[in-house]
Amino acid sequence: QVQLIDSGGGLVQAGGSLRLSCVFSGERFSTHTMGWFRQAPGKDRDFVSGISVNGGGITRYADSVKGRFTISRDNAKNELYLQMNSLKPEDSAVYYCAADRSGDFHSTPGWYDYWGQGTQVTVSS
């Protein structure tokens, strides 16, 4: 069965950095579009970043994280990453990795087939 395990969250001061990781198993990783979403208390689960299949040559970012976050994938390791720099308190949320088996590029949660359990990111002022 498909399993996504995300990790790397923690407590960090504003301006700091974290790197989130997501390990994928159960299906062919390279053919899945991968994405990161985040959900703060009382808010919807929002798109953060996405990366295309195979070589990951296409990436997309929410406007709020452009220039600060970098998504990448390592198909040899079946892993997805999100490097988060210059973190702000408003970045605080539970972050989820997600996989879309269709290979299409979607930015809404409903189109993704598989999800990690979530990892908490808290950025203090």
Side-chain angles (χ1 to χ4, degrees):
Q1 64 181 35
V2 172
Q3 185 175 41
L4 282 70
I5 302 176
D6 40 26
S7 61
L11 176 63
V12 64
Q13 292 185 346
S17 298
L18 288 171
R19 191 181 82 150
L20 306 184
S21 299
C22 176
V23 181
F24 179 98
S25 64
E27 291 182 356
R28 186 176 180 88
F29 173 70
S30 62
T31 61
H32 287 72
T33 300
M34 299 297 297
W36 288 99
F37 293 78
R38 66 187 182 186
Q39 187 168 23
K43 295 186 177 181
D44 294 332
R45 187 170 298 187
D46 292 328
F47 175 79
V48 176
S49 184
I51 188 166
S52 60
V53 299
N54 298 320
I58 302 172
T59 57
R60 295 179 183 175
Y61 298 91
D63 289 341
S64 59
V65 306
K66 287 181 179 177
R68 299 188 297 119
F69 291 11
T70 303
I71 190 171
S72 61
R73 66 191 299 160
D74 187 337
N75 291 332
K77 296 181 179 180
N78 292 345
E79 292 185 354
L80 174 76
Y81 308 101
L82 184 68
Q83 179 66 46
M84 305 186 295
N85 298 326
S86 301
L87 283 163
K88 304 174 181 179
E90 51 263 44
D91 295 319
S92 296
V94 177
Y95 284 69
Y96 300 87
C97 64
D100 174 12
R101 67 190 307 175
S102 75
D104 296 330
F105 221 131
H106 300 297
S107 59
T108 56
W111 291 107
Y112 284 77
D113 299 290
Y114 311 112
W115 294 85
Q117 80 284 355
T119 183
Q120 177 71 51
V121 172
T122 303
V123 184
S124 62
S125 301

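Keep in mind the model is a prediction, meaning the values are calculated, not measured.
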- Query: Are Lys66 and Asp63 ion-paired here, with the side-chain N under 4.0 Å from a carboxylate O?
  - Reply: yes

With distance as the sole criterion, is a donor-acceptor pair present between the side chains of [X] and [Y] under 3.5 Å?
X     : Y     : result
Ser17 : Asn85 : yes
Gln39 : Asp44 : no
Glu79 : Tyr81 : yes
Arg38 : Ser64 : yes

Approximate separation, where rounding is to 0.5 Å, of [X] [atom1] and [Y] [atom2]:
X      : Y     : atom1 : atom2 : answer
Arg60  : Ser52 : CZ    : OG    : 9.0 Å
Asp74  : Ser30 : CG    : OG    : 11.5 Å
Tyr112 : Thr33 : OH    : OG1   : 6.0 Å
Gln3   : Cys22 : CD    : SG    : 10.0 Å
Ser125 : Glu90 : OG    : CD    : 8.5 Å
Asn75  : Thr31 : CG    : OG1   : 9.0 Å

- Item | Enclosure of Gln13 CD (heavy-atom neighbours >12, cutoff 6.0 Å) | no

- Task: Give a yes or no on whether Leu11 atom CG has more than 12 heavy-atom contacts from other residues, nucleotides or ligands under 6.0 Å away.
- Result: yes

- Item | Residue pairs, two or more places apart or on separate chains, that pass salt bridge (Lys or Arg N to Asp or Glu O under 4.0 Å) and touch residues 8-37 | Glu27-Arg101

- Message: Could you check whether any side-chain heavy atom of Phe105 comes within less than 4.5 Å of a side-chain heavy atom of Val53, counting everything from C-beta outward?
- Response: no

- Does the Asp6 side chain pair with the main chain of Gly118, one donor and one acceptor, at a distance under 3.5 Å? yes

- Query: Any donor and acceptor pair, going by atom type alone, linking the side chain of Thr119 with main-chain N or O of Gly9 inside 3.5 Å?
  - Reply: yes

- Task: Might you point out which heavy atoms bring Ala40 and Ala93 nearest each other, and give the distance in Å?
- Result: N-CB, 3.8 Å

- Note on the structure: Heavy-atom nearest pair, Phe37 first then Ser107, reads CE2-O, 3.7 Å

- Hydrophobic side-chain clustering at under 4.5 Å (ILVMFWY, transitive links): who's grouped with Val65? Put none if nobody. Val2, Leu4, Val12, Leu18, Leu20, Phe24, Phe29, Met34, Trp36, Val48, Ile51, Tyr61, Phe69, Ile71, Leu80, Leu82, Met84, Leu87, Tyr95, Tyr114, Val121, Val123

- Message: I want to check a possible cation-pi pair here: Arg45 against Tyr96, using under 6.0 Å from ring centre and within 45° of the ring axis as the test.
- Response: yes

